[in-house]
S.K.: 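The structure that follows is given in the form of structure tokens.
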Protein chains: 2
Amino acid sequence: MGHKTEEVRMAGGTARSGRRATSADVAREAGVSRSTVSFVLNGTKGQTIPEPTRQRVLEAAARLRYAPSAEARTLSRGRSDVVLLYQPPQLPMTADMGALVEFLAAEFAEAGLTAVTHPWSRKPDGDVLTAITPVAVIAWDLPDDAVTAMRHNGVRAVISLTAESDPVAQWIWGTRENGIARLQVERLLSAGHRRLGYARPHDARLAEASEMRLKALRQACAAHGLPAPVAVSIPGDGEGARPAADAVAAWRELVPAVTGVCAHDDVAALSVLAGLREHGLAAPADLAVIGAGDSPAARLAVPPLTMVAVDMLVTARHLVAAVTSLLDGRPVPAGPEVTQVIERHSV
Amino acid sequence: MGHKTEEVRMAGGTARSGRRATSADVAREAGVSRSTVSFVLNGTKGQTIPEPTRQRVLEAAARLRYAPSAEARTLSRGRSDVVLLYQPPQLPMTADMGALVEFLAAEFAEAGLTAVTHPWSRKPDGDVLTAITPVAVIAWDLPDDAVTAMRHNGVRAVISLTAESDPVAQWIWGTRENGIARLQVERLLSAGHRRLGYARPHDARLAEASEMRLKALRQACAAHGLPAPVAVSIPGDGEGARPAADAVAAWRELVPAVTGVCAHDDVAALSVLAGLREHGLAAPADLAVIGAGDSPAARLAVPPLTMVAVDMLVTARHLVAAVTSLLDGRPVPAGPEVTQVIERHSV
DNA sequence: CGAAATCACTAACGCGCGTTAGTGACGTCA
DNA sequence: TGACGTCACTAACGCGCGTTAGTGATTTCG
């Protein structure tokens, strides 16, 4: 049975009706072969294309609104340009995270890559990998076999934020989280507070992140000769501020009492403020509060919240640098400092 | 020149070293042809495969950790399973939006589709379409030629939230936004407020959305015989609540004075509260405030904010139903009501 | 003036898959 | 016994692309 797949020049006419234009359509329209089209459109070096031909191809492509098929391209090239941000429930979307993702998309685009997020919550949805085949994946908690499976399936860079050996994870926990904890502790210490509390996040999905933060806070306290911080959960369900009031009471009734608290995030900080109000108390006089991750709500609180902010743009740049380094086989560069105290009136 | 691309059974051995397993590897491993592997793995109907063979193939696939290549599959099938949420700067990420996206991903997965987001801010990044080739796209503002270009390039369902003719857009503005506006107005009216204000969002990116909301509020007011709401911007830049204080003063100095305000979102509502405090005033006694889009910060405000909440799960379900309908060539079903007043203490 | 190099292209492979058109072996029915 | 199905498969096409190995025509060079 004869086999002549292509190069069967059609009599006349332009593109096949209906379907999207292919490079073959462009070739036909320009009166050249598909190879030539490919050479022109990709600027393949080692090929000499005279200007008139080049223009003919370019014009034909424009006329047909030709856009190369991503599938075919990655299939033939062997790799795609997609970086998957496999967004886990442990990192719920906040305005801060949204900004990070936005910056990531922009910075990855700069590097010739396309960032894309896929959130999952109920169950890790491995099908994305099948549906997308990314070059790189940034995720929260990937089981070892999942990582090897990805590698095996063509993912060239895998970043797992809970893997001990992952250089990006090391930066996240070693520099970013430690930076938050250290600045919180030092700020409270500089205001004279030596017995500190930790307000856990109200969102149950943040349990793991909370544990990491607590560890960092303990280290920071120890480094300054302070006792370990007293962690208290503030359940955020339901209405009213009673649970937060209980938390505040627990801190104040200790001997010696907790006089300054580090909040996991803005919502935890707001909860502490609400708890204080319930007792007719206020920050910073009765209890100093410092939060983490800036947000409009923190600025508009009563009193305006002193926060440790994380620079999301710098964070994004570092992540992109890490991924591109991994893709090029270079070592991941050292991570920058990204934390900074925003002074307001709750300490 | 001979052309025999495949079916060249290799002597012995298992998969080619290194690279990811292909269906040809599975075929070799199971001692059958690639076609048989495809039949088994896809449960192709009209093909009879005896159980022992089926098992051999299944086991071989498992042993090699075979996962089909998305590119090849969509290339051959002619369409992908990816729905692109082309997230615009006009819809900045908030906790609410994050929840919506999460629900969308889950609901689309249920429908056999894979939802993926790509945020852009600086410039619309059309390259995603080249890098992804989705079946469907949900976007904010697509120029007409972009829509036709997408259609032309194989996107089978395009939803543009600013297109007059788009049934989903009609629902968003006709049901969702109108629902928010109507409930806000009616709630304030039932508390006796007849001269209303509108607190524009502090985020400049929300300018367009703000305009739409204002239109809906005007309609709602007109429907109840009220004068048009007095819109005031509350710039959120910088620290302090002075701008918000000016806004509050502007409302109160009117004759007759504005006594109830509809805030665009939670941040706008918080800003109004901050402005009131600046004057030594408070809601609801001096000015009633009702916000939109619930959030922890709204619950923890002083006083806790009365809000109009939007059910994001129901919203997600409707969007998924709309997309699947479009894909199947069915008409988009009528959209549900998704708004509801959350009673607290600012009205 | 003939060999070599360059130019301007084209044919065809292979990426990995879904799918259709077979193709022998075996069983069934008249 | 032969026509006819069904069974259990396999060969091969085509999806759209990047890329390599050519191939005639022209130019360059000794």
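The sequence lines fix the lettering, A, B, ..., with proteins before strands; numbering per chain opens at 1.
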S.K.: Assess whether one donor atom and one acceptor atom, taken from the side chain of A:S33 and the base of C:dA11, lie less than 3.5 Å apart.
M.R.: no

S.K.: In whole angstrom, give the distance that lies between atom NZ of A:K45 and atom P of C:dA8.
M.R.: 19 Å

S.K.: Mind checking what makes side chain to side chain contact (heavy atoms under 4.5 Å, CB included) contact with B:A70, not counting sequence neighbours?
M.R.: A:T133

S.K.: Minimum heavy-atom separation for A:T74 and B:E71, please, with both atom names.
M.R.: OG1-CG, 2.7 Å

S.K.: Below 4.0 angstrom, which residues in residues 70-79 of chain B have at least one non-hydrogen atom near DNA chain D?
M.R.: B:L75, B:S76

S.K.: Round to the nearest Å and state the distance from B:F39 atom CZ to D:dC9 atom P.
M.R.: 11 Å

S.K.: I'd like to know if the side chain of B:R156 and the backbone of B:V135 have a donor-acceptor N/O pair within less than 3.5 Å.
M.R.: no

S.K.: Quick one: which of D:dT10, C:dC17, C:dA8 gets closest to the side chain of B:R34?
M.R.: C:dC17

S.K.: Considering just the side-chain nitrogens and oxygens of B:S38, establish if one lies under 4.0 Å of OP1 or OP2 belonging to C:dG18.
M.R.: yes

S.K.: Indicate yes or no for a side-chain donor-acceptor contact from A:S38 to the backbone of A:R34 under 3.5 Å, with no hydrogens or angles considered.
M.R.: no

S.K.: Is it the case that the base of C:dG16 and the side chain of B:R20 share a donor-acceptor contact (distance under 3.5 Å, atom types as modelled)?
M.R.: no

S.K.: Between A:E102 and B:R205, does any NZ, NE, NH1 or NH2 come within less than 4.0 Å of an OD or OE carboxylate oxygen?
M.R.: yes

S.K.: Please find the pair of heavy atoms, one from B:I159 and one from B:D166, that lie closest to each other, and give the distance.
M.R.: CA-OD2, 3.2 Å

S.K.: NA contact type, A:T36, heavy-atom cut-off 4.0 Å: base, sugar-phosphate, or nothing?
M.R.: base

S.K.: Base, sugar-phosphate, or nothing: which does A:S23 touch, judged by heavy atoms less than 4.0 Å apart?
M.R.: sugar-phosphate

S.K.: To the nearest angstrom, how far is B:N42 atom CG from C:dC17 atom P?
M.R.: 10 Å

S.K.: Distance check needed: C:dC9 C1' versus A:Q47 CD, whole Å only.
M.R.: 8 Å

S.K.: Looking at B:Q47, is its backbone amide N or carbonyl O close enough to the side chain of B:T44 to form a donor-acceptor pair, meaning the two atoms are under 3.5 Å apart?
M.R.: no

S.K.: Name every residue in residues 51-61 of chain B that has at least one heavy atom under 4.0 Å from any atom of DNA chain D, in order of residue number, or write none if there are no such residues.
M.R.: B:T53

S.K.: Looking only at heavy atoms, which two atoms of A:A105 and B:H118 are closest? And how far apart?
M.R.: CB-CE1, 4.3 Å

